[in-house]
S.K.: 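Here it is: the structure, laid out below.
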There are 2 protein chains.
Amino acid sequence: MQELDATDRRILGALDEDPRLPIMVLAQRLGLARGTVQSRLERMSTSGALRPNSSRVLPAALGRGVAASVSAELDQSHLNEAIAALREIPEVLECHAPAGDTDLLIRVVASSPDDLYRVSEEIRLCPGIVRTSTSMFLREVIPYRTTGLLGG
Amino acid sequence: MQELDATDRRILGALDEDPRLPIMVLAQRLGLARGTVQSRLERMSTSGALRPNSSRVLPAALGRGVAASVSAELDQSHLNEAIAALREIPEVLECHAPAGDTDLLIRVVASSPDDLYRVSEEIRLCPGIVRTSTSMFLREVIPYRTTGLLGG
DNA sequence: ATAAAGTTGGTCAGTCTGATCAAGCTAGCG
DNA sequence: CGCTAGCTTGATCAGACTGACCAACTTTAT
């Protein structure tokens with residue numbers, strides 16, 4: 001993966017909101033040559049610095065208005081199996097291994113509190129997962145964003 | 001905000017990887033009329049069902065290879081001030097209010113463990129924030145994704 | 001049954017894309 | 001100091017795409 005420089009970030013900034021902006025418009029808006037913008041866009045999308053487009057979709061728009069965080073403790077000899085099983089659950093959006101007492105921190109969504117119960121049960125049933133603790137999000141205080149990082 | 005139907009999801013699925021795919025290609029790949037794809041894309045981007053494009057950028061590509069979760073306890077009479085202050089910190093990617101003992105769960109990134117220390121200190125200094133506990137992510141086990149939800 | 005909303009397929013002028021090239025700039029290196 | 005490698009620029013071309021229309025048809029909800 002590649003580190004994005006100031007020009008890349010300016011391009012991304014200008015593409016915010018509308019990723020289908022014509023390259024020529026971008027170029028003149030940023031004071032760059034068309035070829036420059038074109039090659040940089042090309043590079044960014046092949047270098048793996050961007051998530052798939054669908055990561056832009058708000059889960060709420062897909063009928064999953066309930067979000068939560070599940071922390072899981074696991075039998076570490078089955079770590080890889082557990083991860084593979086989690087990957088199969090579509091409601092699992094993200095999973096991190098934090099330093100500290102919990103082994104995995106899992107971000108999930110669901111269509112309702114009741115559905116959240118189902119999802120967390122599915123997680124509990126993954127091989128290698130010993131115990132889970134689910135904490136539902138009452139409110140999304142700051143929605144996910146990267147915008148501030150583009151500037152610096 | 002609008003709930004996305006099966007057609008919307010198919011369009012989004014086809015746009016994964018390359019959001020600049022020509023509309024005509026999309027249309028014939030999905031067996032839809034060009035006008036349909038065009039109007040749906042239009043609707044999706046104006047209805048607020050999508051995050052800004054820059055949310056696709058991996059923080060690591062912006063030099064923030066370290067991720068962490070900060071849980072904060074706060075003086076609830078200053079809730080709004082605290083949130084406003086957090087919003088000013090670019091390294092704060094996301095913030096949720098969970099049910100339970102912690103008041104806010106904050107997703108942050110930083111350029112190094114040392115920088116993470118700085119960021120969590122900045123959070124601790126926000127008005128209304130009483131106590132924080134930072135837990136660094138050793139590993140991103142499952143990177144953020146929504147793909148699985150598009151299908152169902 | 002009927003109205004509203006969404007879909008389809010067609011057309012149009014104007015614009016954009018991707019590819020390619022030669023030339024200019026800049027930084028790093030011997 | 002002069003060279004190379006890697007970007008950037010500006011230009012050109014044929015071909016494809018866009019956004020805006022429209023009339024007709026289908027679906028959905030009332």
Side-chain angles (χ1 to χ4, degrees), chain A residues 1-54 56-65 111-112 146 149-152, chain B residues 1-54 56-58 60-65 111 146 149-152:
Chain A
M1 200 208 51
Q2 166 222 191
E3 180 94 2
L4 305 180
D5 69 11
T7 305
D8 291 319
R9 297 174 192 208
R10 286 212 303 144
I11 295 176
L12 289 172
L15 277 182
D16 244 5
E17 302 305 322
D18 183 9
R20 301 184 67 89
L21 215 58
I23 295 188
M24 262 178 72
V25 176
L26 266 181
Q28 60 192 55
R29 188 174 295 181
L30 298 175
L32 297 171
R34 193 179 71 109
T36 306
V37 177
Q38 193 165 324
S39 60
R40 289 195 174 247
L41 275 179
E42 171 79 22
R43 185 154 41 109
M44 285 193 263
S45 44
T46 59
S47 76
L50 301 178
R51 283 189 244 274
N53 185 250
S54 62
R56 290 180 59 206
V57 187
L58 297 176
L62 299 174
R64 318 297 160 115
S111 59
S112 66
T146 320
L149 294 178
L150 285 181
Chain B
M1 199 208 52
Q2 167 222 191
E3 180 94 0
L4 306 179
D5 70 9
T7 306
D8 291 319
R9 297 174 193 210
R10 287 210 304 143
I11 295 177
L12 288 172
L15 276 182
D16 244 7
E17 301 305 322
D18 183 8
R20 302 184 67 90
L21 214 58
I23 296 188
M24 262 177 73
V25 176
L26 266 182
Q28 60 191 54
R29 189 173 295 181
L30 299 175
L32 297 170
R34 195 181 72 110
T36 306
V37 177
Q38 193 165 323
S39 62
R40 293 202 172 238
L41 275 179
E42 171 80 22
R43 185 155 40 109
M44 285 194 261
S45 45
T46 60
S47 76
L50 301 177
R51 282 189 244 275
N53 186 250
S54 61
R56 290 181 59 206
V57 187
L58 297 175
L62 299 174
R64 316 297 158 115
S111 59
T146 320
L149 293 179
L150 285 182

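Lettering of chains follows the sequences in order, A, B, ..., and the numbering in each one begins at 1.
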S.K.: In whole Å, I'd like the distance from the CD1 atom of A/Ile23 to the P atom of D/dC17.
M.R.: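 Roughly 14 Å, once rounded to whole Å.
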S.K.: Rounded to the nearest angstrom, tell me the gap between atom CG in B/Leu32 and atom P in C/dG6.
M.R.: 15 Å
S.K.: Return the nearest nucleotide to the side chain of B/Thr36; candidates are C/dT8, D/dT18, C/dC16.
M.R.: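 Side chain of B/Thr36 sits closest to C/dT8.
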S.K.: Mind checking the CZ-CZ spacing from B/Arg51 to B/Arg56? Nearest 0.5 Å is all I need.
M.R.: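 Nearest 0.5 Å value for the CZ-CZ distance: 13.0 Å.
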S.K.: Output the single nucleotide from C/dT17, C/dG18, C/dT7 whose closest atom is nearest the side chain of A/Gln38.
M.R.: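 Minimum distance to the A/Gln38 side chain belongs to C/dG18.
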S.K.: For the pair made of CG in B/Asp5 and C1' in D/dT28, what is the distance, rounded to whole Å?
M.R.: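 Answer to the nearest Å: 13 Å.
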S.K.: Could you tell me the separation between the CG atom of B/Leu41 and the C1' atom of C/dT7, rounded to a whole number of Å?
M.R.: 15 Å
S.K.: With sequence neighbours excluded, tell me which residues meet side chain to side chain contact (heavy atoms under 4.5 Å, CB included) with B/Arg20.
M.R.: A/Leu15, A/Ile23, A/Leu41, B/Asp18
S.K.: Could you tell me how far apart A/Gln28 (CD) and D/dG10 (C1') are, to the nearest whole angstrom?
M.R.: 14 Å
S.K.: Quick check for you: among C/dT17, D/dT9, C/dT7, whose closest atom lies nearest to any side-chain atom of B/Arg20?
M.R.: C/dT17
S.K.: From CZ of A/Arg40 over to P of D/dT8, roughly how many Å is that when rounded to an integer?
M.R.: 4 Å
S.K.: For the side chain of B/Glu3 and the backbone of A/Gly63, is there at least one donor-acceptor N/O pair under 3.5 Å apart?
M.R.: yes
S.K.: Applying side chain to side chain contact (heavy atoms under 4.5 Å, CB included), can you list everything that pairs with A/Ala14, at least two apart in sequence or on another chain?
M.R.: A/Leu26, A/Leu30
S.K.: To the nearest Å, how far apart are B/Leu26 CG and C/dT8 P?
M.R.: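 To the nearest whole Å, that distance equals 14 Å.
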S.K.: Of the nucleotides C/dC16, C/dT7, D/dA20, which one has an atom closest to the side chain of B/Arg34?
M.R.: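 Of all the options, the side chain of B/Arg34 is nearest to D/dA20.
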S.K.: Atom CD of B/Glu42 and atom P of D/dC21: how far apart are they, to the nearest Å?
M.R.: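 Atom-to-atom, B/Glu42 to D/dC21, this comes out as 12 Å.
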S.K.: Please pick, from D/dT8, D/dC17, C/dC16, the nucleotide with the shortest atom-to-atom distance to any side-chain atom of A/Ser39.
M.R.: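 Nucleotide nearest to A/Ser39's side chain: D/dT8.
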